[in-house]
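Since the model is a prediction, treat every value here as computed from it, not as a measurement. Computation of the quantities below employed the complete heavy-atom set of this structure, encompassing side-chain atoms and omitting hydrogens, waters and symmetry-equivalent molecules.
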Amino acid sequence: DVYKRQAQDVSAEVRPELLQTAAELLLTSGHSTEGREVLRRVLEAFSMRLPKTRGRALASLLANRAALAVRGLEATVKPPAELDATTIGKLDACWTAARGLIYTDGLVAADFHARHLRLALKSGDGVRISRALGFEAHLLASLKAESGRSRCFELVDQAGALAEDTNSEYARGMASQSRGHVHLMFGDWAQSRTHLDEAVETFRERCTGAAQEIGYCEIHAALCEQLMGHIRALAPRAQTLLRESTRRAHPYSQGYARGMLGHVIYLADGRIEEAREQLDLYRDELPVGFQAHILNFVDTRSALLRYEGKVEEAWALQCERREEIESFDMMRAPFPKGAHLWALTQNALAMAKRSPDPKPLLAVAEQATRMLTKLRLRHAQGFGHLGAASVLQARGDQDAALVRLREALTRFEAGGMEMYAALTQLRVAQVVGGSEGDALRVTAAAYTEREEIHAPQKLFEMLAPGGTETD
């Protein structure tokens with residue numbers, strides 16, 4: 001509101017910059033309708049418009065992508081004195097649209113990213129070219145998964161080289177952020193965390209006006225800790241994130257922090273009431289239309305319900321939001337698609353154990369696990385094999401289940417996913433017995449003791465319903 005009010009009292013030349021800041025803050029703080037209206041005014045100042053229909057947005061995206069394919073991504077950097085101010089303003093307006101709309105309208109956000117990339121390459125502004133190439137790498141990794149690895153890192157290397165050539169700390173931070181996000185999309189959790197932490201240090205120590213970028217980097221670095229099963233390292237990160245994101249009104253970080261506290265951290269400590277409180281607040285504060293948060297809330301809330309033994313409520317929540325989630329633009333990307341399919345598998349398996357007729361629920365889980373194993377993501381394939389093993393065990397096929405459990409364990413160990421590796425080790429131990437089973441139980445116990453998990457059997461059954469070793 002401060003920026004909107006100031007924009008009314010300044011010249012037409014300065015007004016778009018203030019409105020742009022207002023639009024960014026509104027769109028990223030959950031005020032999507034008001035933010036979109038302010039963004040419309042920003043774009044109109046540069047003779048651009050938001051597409052009125054999805055058809056027009058798709059047509060624009062395809063046209064911009066075709067132009068980029070013909071042009072290529074090479075660019076000549078110009079001296080700052082030769083840069084055109086109007087082009088730079090238009091560029092930054094497209095950046096605000098791309099970053100602000102990605103929460104609620106992925107198609108339009110992708111279109112404005114393509115426009116932003118074209119304009120950046122044309123502008124000759126080294127800092128903005130670097131930023132655009134890094135974001136291109138992130139989006140490509142999101143959509144292509146492992147098949148796009150080589151090209152994504154070529155783009156990130158190009159962005160990093162431009163950051164050094166321009167000697168811009170902001171560009172260096174953005175390049176580190178992009179490299180971290182590319183690693184995240186490929187399941188390289190440790191590398192992702194390292195680069196995201198480097199980006200935070202750069203933004204915090206050597207840049208101004210980078211609070212949004214710091215928030216993205218910090219929450220995704222925390223996500224890496226969660227996926228690696230580093231609960232003790234995750235806990236202080238999540239607590240700090242919750243404090244800071246609440247103070248600066250950053251609902252993207254705030255929601256994920258509450259989800260981490262309510263889904264893993266407090267449950268690992270046996271603090272069920274506190275976990276429930278965090279997820280109740282998450283539900284009440286959920287930004288309207290934020291697709292990633294709707295997906296994450298259903299995942300974390302249903303996990304808590306399973307932990308509490310409220311399996312029917314977990315399945316009801318999954319069914320209630322399933323069609324909506326599967327309609328999201330983000331479901332075209334393997335990473336969120338994998339998260340949804342795994343949550344669906346978890347809830348179907350849990351419900352199958354309660355149902356007098358488990359066959360339809362096992363069929364749902366089986367279909368989801370097939371889709372998971374086809375995704376070009378190591379961790380998603382691990383989830384798929386683990387879920388498939390539970391289906392097979394429910395049907396009495398222990399030999400086939402063991403094959404799937406070993407496939408899952410291979411992927412979890414390769415990805416450094418220690419929590420899922422530990423629970424899978426227990427499942428394998430249950431089937432094989434003997435000295436191998438004893439050794440696997442010792443290894444799993446070492447993990448649960450190190451991470452001080454209050455009730456590992458209960459937590460593991462929540463994470464991967466269907467086994468009997470963890471009952």
Side-chain angles (χ1 to χ4, degrees), residues 64-65 68-69 71-77 91 94-95 98-99 102 106 109-110 112-204 206-207 210 212-224 227 333-336 376-379 415-416:
N64 281 301
R65 278 290 161 190
L68 284 166
R71 184 200 183 283
L73 301 184
E74 295 74 25
T76 300
V77 177
L91 239 176
C94 288
W95 173 251
R99 290 300 295 270
I102 201 167
F112 275 98
H113 162 64
R115 298 192 206 188
H116 173 258
L117 180 56
R118 288 184 66 192
L119 281 169
L121 295 169
K122 181 180 178 181
S123 73
D125 186 319
V127 172
R128 288 171 172 82
I129 295 171
S130 174
R131 179 178 70 181
L133 291 173
F135 199 54
E136 173 76 354
H138 181 188
L139 291 184
L140 182 62
S142 301
L143 293 171
K144 295 291 186 180
E146 191 64 35
S147 63
R149 179 179 284 268
S150 296
R151 180 55 176 157
C152 288
F153 284 114
E154 287 176 5
L155 290 169
V156 169
D157 289 343
Q158 191 177 348
L162 280 168
E164 294 304 317
D165 289 345
T166 57
N167 195 29
S168 165
E169 295 295 347
Y170 171 75
R172 288 189 180 103
M174 292 299 292
S176 294
Q177 177 184 186
S178 296
R179 189 176 295 277
H181 283 144
V182 168
H183 277 297
L184 177 64
M185 293 298 102
F186 295 147
D188 306 329
W189 318 125
Q191 298 98 314
S192 175
R193 178 193 57 191
T194 296
H195 291 295
L196 291 171
D197 284 345
E198 288 175 354
V200 169
E201 181 180 2
T202 299
F203 288 135
R204 183 167 280 143
R206 295 184 286 279
C207 300
Q212 295 292 334
E213 306 303 336
I214 290 171
Y216 300 135
C217 292
E218 287 183 329
I219 200 62
H220 293 151
L223 177 61
C224 291
L227 289 163
F335 199 104
R376 295 289 300 275
L377 291 170
R378 180 174 53 207
H379 72 285

Rounded to the nearest 0.5 Å, what's the gap from [atom1] on [X] to [atom2] on [Y]? Could you check?
X      : Y      : atom1 : atom2 : answer
Arg99  : Tyr216 : CZ    : OH    : 4.5 Å
Leu196 : Ser178 : CG    : OG    : 9.5 Å
Cys217 : His181 : SG    : NE2   : 5.5 Å
Asn64  : Leu119 : CG    : CG    : 8.5 Å
Leu117 : Leu91  : CG    : CG    : 9.5 Å
His138 : Leu143 : NE2   : CG    : 9.5 Å

Practice item. Report yes or no: is the cationic atom of Arg131 (NZ for Lys, CZ for Arg) under 6.0 Å from the centre of the six-membered ring of Trp95, at an angle within 45° of the ring normal? Key: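 Flagged: Arg131 positioned over aromatic ring of Trp95.
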Review point. In terms of the angle between their ring planes, are Phe135 and His113 parallel, tilted or perpendicular, with boundaries placed at 30° and 60°?
Key: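 Geometry flag for His113 against Phe135: perpendicular rings.
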Check your understanding: Should the ring pair His379 and Phe335 be called parallel, tilted or perpendicular, given that the plane angle runs from 0 to 90° and is split at 30 and 60?
Key -> tilted
Check your understanding: Any sub-3.5 Å donor-acceptor pair from Ser192's side-chain atoms to Trp189's backbone N or O?
Key -> no
Check your understanding: With no hydrogens and no angle check, is any side-chain donor or acceptor of Asp188 less than 3.5 Å from a backbone partner on Gln191?
Key -> no
Nearest heavy-atom pair of [X] and [Y]: which atoms, and what distance?
X      : Y      : answer
Ile129 : Ala75  : CD1-CB, 3.7 Å
Ala159 : Gly134 : CB-N, 3.9 Å
Thr166 : Ala171 : OG1-CB, 4.3 Å
Gly160 : Ala175 : CA-CB, 3.9 Å

Practice item. Please report the C-alpha distance between Arg193 and Leu184 in whole Å, then the side-chain angles of each, then the deciding distance to 0.1 Å, and finally whether the side chain to side chain contact (heavy atoms under 4.5 Å, CB included) criterion is met. Key: CA-CA 8 Å; Arg193 178 193 57 191; Leu184 177 64; over 6 Å; no
Review point. Between Arg71 and Arg118, is a side chain to side chain contact (heavy atoms under 4.5 Å, CB included) present by the stated rule, with each step listed?
Key: CA-CA 9 Å; Arg71 184 200 183 283; Arg118 288 184 66 192; over 6 Å; no
Point to revise | Those residues that, when tested against Leu155, pass side-chain contact (heavy atoms from CB on, under 4.5 Å) (two or more places apart) | key: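 Residues passing side-chain contact (heavy atoms from CB on, under 4.5 Å) with Leu155: Leu73, Leu133, Glu136, Ala137, Leu140, Arg151, Gln158.
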Exercise for review: Could you tell me which residues satisfy side-chain contact (heavy atoms from CB on, under 4.5 Å) with Ser176, sequence neighbours excluded, listed by chain and number?
Suggested key: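 Expected list: Glu198, Ala199.
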**Study point:** Working for side chain to side chain contact (heavy atoms under 4.5 Å, CB included), residues Arg378 and Phe186
**Key:** CA-CA 8 Å; Arg378 180 174 53 207; Phe186 295 147; over 6 Å; no
Check your understanding: How would you list, by chain and number, every residue that makes a side-chain hydrogen bond (donor to acceptor under 3.5 Å, both in side chains) with Arg172, sequence neighbours excluded?
Key ->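 Only Glu164, Asn167, Glu169 meet the side-chain hydrogen bond (donor to acceptor under 3.5 Å, both in side chains) criterion with Arg172.
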